[in-house]
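Down below is the structure, laid out as structure tokens.
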Amino acid sequence: MQEKEARKENLKRLKELGYKAHPYKFPAEDRVFRLVEKFKGEKDQEKLQKIRVKTAGRILTIRRMGRATFFHISDGLDKIQVFLRENQLGKEKYRHFKYFNIGDWIGVEGILFRTKTGELTILANDFTLLAKSLLPLPEKWHGLQDVEVRFRKRYLDLIVNPRSREIFEKRAKIVGIIRNFFLDREFVEVETPMMHSVLGGAAAKPFRTHHNALDMDLYLRIAPELYLKRLVVGGMERVFEIGRNFRNEGLSSQHNPEFTMLEFYWAYQDYLFLMDLTEELFQKIAKEVWGELKGQYQGRDLDLSSPWKRLKFMDSLAEAMGIEKETLWDEEFVLKKAKEVFPEDGGNPPSTYGKALDFLFDSFVKERLWQPTFVMDHPKVISPLAKQHREDPRLTERFELIIAGMEVANAFSELADPEEQLLRFQEQVRRKEEGAEVDMDYIEALSYGLPPTAGEGIGIDRTVMIFTDSPSIREVILFPLLRKK
RNA sequence: GAGCCGUUAGCUCAGCAGGCAGAGCACCGGCCUUUUAAGCCGGGAGUCGCGGGUUCGAAUCCCGCACGGCUCACCA
């Protein structure tokens, strides 16, 4: 804590010299990254020296050389060098900089020039303190490596690791592309409740909370699905929502308890249409983020060119297991097989037919999928909200999109028949699946008529992982959940 | 929840056949007017994650706990 004392002492000195510890404003006309962008190619010293600039940023490095000093300031996006000379600033003013440290926010005015080595630099004729950093920044060369500290103190990560800042800039860009993609297609963006009194729209354990005035228990939503479809009943033919879902499950490199999902519903369309639309959306993102349809994820090639592979759930699973298709409809066999394959130290083996099917699919098929693949036509038992398949009554019109082994999207032709929906809900409750609850209000909404509708959920965090080559979901969530320290 | 690995200065890391707790960056002082991981000289800086044990002596060996990472499981 000695360094903190030294920095406090420096602040005290600066205050004595007339600097404000926390001034009210510094109207910097030039953002650092804009300056760098604008004068990147300008080599003409005379032209540069006519350009007066006023900018601000955080000091990242300092090189003091007696009567001259170089330092870099950063706006998080880029950095620019500043040059102080005693004969430029005057002996007195130059001396003030002595009390500045790495980490301080500084405002700078001056003219541009290029140094001997050709670096664009601001020759300062004035500078001022914008905020003192009383604590030292992590080291300039190695940055901040400690993963725990990077997540707990994301601000430090953002200051010293440009790669981290890039990820969140890209994330914002991707969300923008997605939003525009749907707005361009005449969608309406909506916000539905995050606090639900009845659970639905997915199978996951919920977070519980309580409203005092109404004395009512509530869940944080696990999916917005049932509300969005109520809106389609209400005549909003194309709706989407980008928002947080909350699932009270484990954490992993692909799971955070709160995560961001896009859900959209397009009336009069079916799941086949959505497959094409999904390819189009991801290709648009690829073109804007990668610049082309091919990219790399964790050292392996990804190719998003059309057409993407389509695998039928039951067929591909039977094939991967080397058994007859029909055998997969034998519930006892599937449960038995799942228990066999299940690792000894893995906790509880799948307890229901649906879970067993999911588990087997993940073990035998999903893990091996890398290039974008639509897994389609899931059995009804694991798809309670999807419309019965037009050709096989045991199946549904559903697909999941797998990219790089990750489930990125889930979509179906929406089940519209209120009576069948009631039966499916009741079936779920009978199987005692987690979160299974009959939402009678939703059944009533369906009774007013849901037109043919195609709906899809896309995991935004995982999508961002793919396009930023991030190995963990925590790299793409600013403040991932960590244990309280 | 299970297995494996990790936690030493603000940061990045050495030290771990048990014997005075170290380096670089950062910070402070000195020299230095085109440096850029600036350089040179000097200085200050530690609950070695926490608790217990073994020992004459523990950062180092043993046990427990906390936090984190990876893998597996529930899950998108």
Side-chain angles (χ1 to χ4, degrees), chain A residues 1-10 60-72 79 81-89 94 98-99 101-103 113-119 121 123 133-153 156 159-160 201-205 222-223 245-263 342-351 355 358-359 362-363 366 400-402 406-410 434-435 457-463 465 471-474 482-485:
Chain A
M1 278 299 114
Q2 159 150 1
E3 178 152 357
K4 190 172 182 180
E5 299 312 312
R7 283 166 179 259
K8 274 187 177 165
E9 186 61 28
N10 283 341
L60 286 189
T61 61
I62 302 180
R63 291 171 294 285
R64 303 178 199 267
M65 296 174 307
R67 291 181 188 80
T69 294
F70 286 95
F71 61 94
H72 275 106
K79 57 182 185 173
Q81 184 168 251
V82 182
F83 185 34
L84 306 179
R85 303 172 74 176
E86 192 184 81
N87 60 1
Q88 190 84 19
L89 290 159
Y94 181 79
K98 178 180 162 150
Y99 304 112
N101 295 107
I102 289 175
F113 77 108
R114 277 186 191 278
T115 61
K116 274 184 189 167
T117 55
E119 179 167 355
T121 301
L123 177 63
S133 176
L134 297 175
L135 293 170
L137 250 39
E139 199 213 6
K140 61 186 170 188
W141 188 242
H142 299 92
L144 184 64
Q145 303 290 332
D146 188 312
V147 180
E148 184 181 356
V149 179
R150 286 187 47 229
F151 298 152
R152 285 193 196 277
K153 304 187 182 177
L156 288 180
I159 294 167
V160 300
K205 290 176 195 132
I222 56 173
N245 288 345
F246 306 86
R247 298 190 182 175
N248 207 339
E249 310 277 359
L251 291 78
S252 82
S253 61
Q254 290 176 39
H255 299 87
N256 194 62
E258 52 177 310
F259 63 102
T260 303
M261 182 108 128
L262 157 73
E263 276 203 22
F342 199 81
E344 300 220 348
D345 56 350
N348 302 322
S351 52
K355 282 184 181 179
D358 255 340
F359 167 73
D362 288 354
S363 322
K366 191 162 123 191
E400 289 178 294
L401 169 62
I402 314 289
M406 282 190 282
E407 193 183 323
V408 173
N410 184 23
E434 282 293 332
I458 296 179
I460 298 295
D461 312 278
R462 289 178 180 179
T463 300
M465 283 170 71
S472 163
I473 196 167
R474 290 169 156 163
L482 296 173
R483 220 176 286 263
K484 202 168 162 187
K485 218 174 178 176

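First the proteins, then the strands, lettered A, B, ... as listed; each starts at 1.
When the C1' atom is compared between B:U7 and B:C48, the two are found 10 Å apart, to the nearest whole Å. Going from the C1' atom of B:C40 to that of B:U55 covers 47 Å, rounded to whole Å. Taking atom C1' in both B:A17 and B:C4, the straight-line distance is 25 Å, to the nearest Å. Spacing of P atoms, B:A14 relative to B:G6, comes out at 11 Å, to the nearest Å. With C1' as the reference atom, B:C27 and B:G46 are 15 Å apart, rounded to whole Å. As rounded to the nearest Å, B:G3 and B:C16 have C1' atoms that lie 24 Å from one another. If you take atom C1' in B:U54 and the same atom in B:C74, they sit 42 Å apart, rounded to whole Å. A distance of about 45 Å separates the C1' atoms of B:G68 and B:C32, rounded to the whole Å.
Applying the Watson-Crick and G-U wobble criteria (two distances, each under 3.5 Å), B:C13 pairs with B:G22. Using N1 to N3 plus N6-O4 or O6-N4 for Watson-Crick, or N1-O2 and O6-N3 for G-U wobble, each under 3.5 Å, B:C32 pairs with nothing. Partner assigned to B:A59 is none, using Watson-Crick or G-U wobble distances below 3.5 angstrom. The partner of B:A45, taking Watson-Crick or G-U wobble pairs whose two distances both stay under 3.5 Å, does not exist in any strand shown. B:A37 makes up no base pair with any nucleotide shown, lacking Watson-Crick or G-U wobble contacts both under 3.5 Å. The nucleotide B:C4 finds its pairing partner in B:G69, both defining distances of the Watson-Crick or G-U wobble pair being shorter than 3.5 Å.
Taking 4.0 angstrom as the limit, A:R63 places none of its side-chain polar atoms (N or O) nearer than this to OP1 or OP2 of B:U35. For A:K140 and B:A26, the shortest distance from a side-chain N or O to OP1 or OP2 is below 4.0 Å. Contact annotation: A:R150 does not reach the phosphate of B:G69 (side-chain N/O to OP1 or OP2, under 4.0 Å).
Among the heavy atoms of the strands lying under 4.0 Å from A:L251 is at least one base atom, whether or not backbone atoms are also near. If you check every strand for non-hydrogen atoms under 4.0 Å, A:N245 touches nothing. Residue contacts for A:T61: at a heavy-atom cut-off of 4.0 Å it reaches no nucleic acid atom on any strand shown. Within the 4.0 angstrom heavy-atom criterion, base atoms lie near A:G250. Nucleic acid contact for A:G457: none, since no nucleic acid atom lies under 4.0 Å from a heavy atom of the residue. A:N248 comes within 4.0 angstrom of nothing in the nucleic acid, heavy atoms only. Nucleic acid contact for A:R114: none, since no nucleic acid atom lies under 4.0 Å from a heavy atom of the residue. Note on A:D362: nothing from the nucleic acid sits closer than 4.0 angstrom, heavy atoms only. When heavy atoms are screened at a 4.0 angstrom cut-off, A:F113 is found touching base atoms of the nucleic acid. Nucleic acid contact for A:R64: base, since at least one base atom lies under 4.0 Å from a heavy atom of the residue. As judged by a 4.0 angstrom heavy-atom cut-off over every strand, A:Q88 is placed among residues making no nucleic acid contact. Residue A:L156 is out of contact with every strand shown, counting any heavy-atom pair closer than 4.0 Å.
Among A:Q254, A:M465, A:M406, the one residue that satisfies the side chain to side chain contact (heavy atoms under 4.5 Å, CB included) test with A:I473 is A:M465. Each of A:E119, A:K140, A:K79 was compared with A:H72 under the side-chain hydrogen bond (donor to acceptor under 3.5 Å, both in side chains) criterion, and only A:E119 meets it.
For A:Q81 against B:U35, a side-chain-to-base donor-acceptor contact under 3.5 Å is present.
Listed nucleotides B:U34, B:C67, B:C70 differ in distance to A:R474; the shortest reach to its side chain belongs to B:C70. Comparing B:C27, B:U34, B:U12 by their nearest atom to the side chain of A:E3 picks out B:C27. The listed nucleotides are B:C11, B:C27, B:U34; the one nearest the side chain of A:N101 is B:C27. In this structure, the nucleotide among B:U34, B:C67, B:U12 sitting nearest to the side chain of A:F83 is B:U34. Side-chain proximity of A:H142 to the nucleotides B:U34, B:G68, B:U12 is greatest for B:U12. The A:P136 side chain lies nearest to B:G10 when the options are B:G10, B:U35, B:U12. For A:K98, counting side-chain heavy atoms from C-beta on, the closest listed nucleotide (B:U71, B:U34, B:G29) is B:G29. When the nucleotides B:A26, B:G69, B:U71 are ranked by their closest atom to the side chain of A:R7, B:A26 comes out on top.
Among residues two or more places apart in sequence or in another chain, the ring-ring contact (aromatic ring centres under 6.0 Å, His included) test is passed with A:F259 by none. Residues passing the side chain to side chain contact (heavy atoms under 4.5 Å, CB included) test with A:E86, sequence neighbours excluded: A:R67, A:K91, A:Y94.
In textbook terms, a nucleotide whose glycosidic angle is within 90° of 0 is syn, while B:A37, being further out, is anti.
Not a single donor-acceptor pair under 3.5 Å links the side chain of A:R247 to the backbone N or O of A:P257.
Of the inter-residue distances, the one linking A:R64 atom CZ with A:K98 atom NZ reads 9.0 Å to the nearest 0.5 angstrom. Within the model, atoms CG of A:N101 and CZ of A:R7 stand 4.5 Å from one another, a figure rounded to the nearest 0.5 Å.
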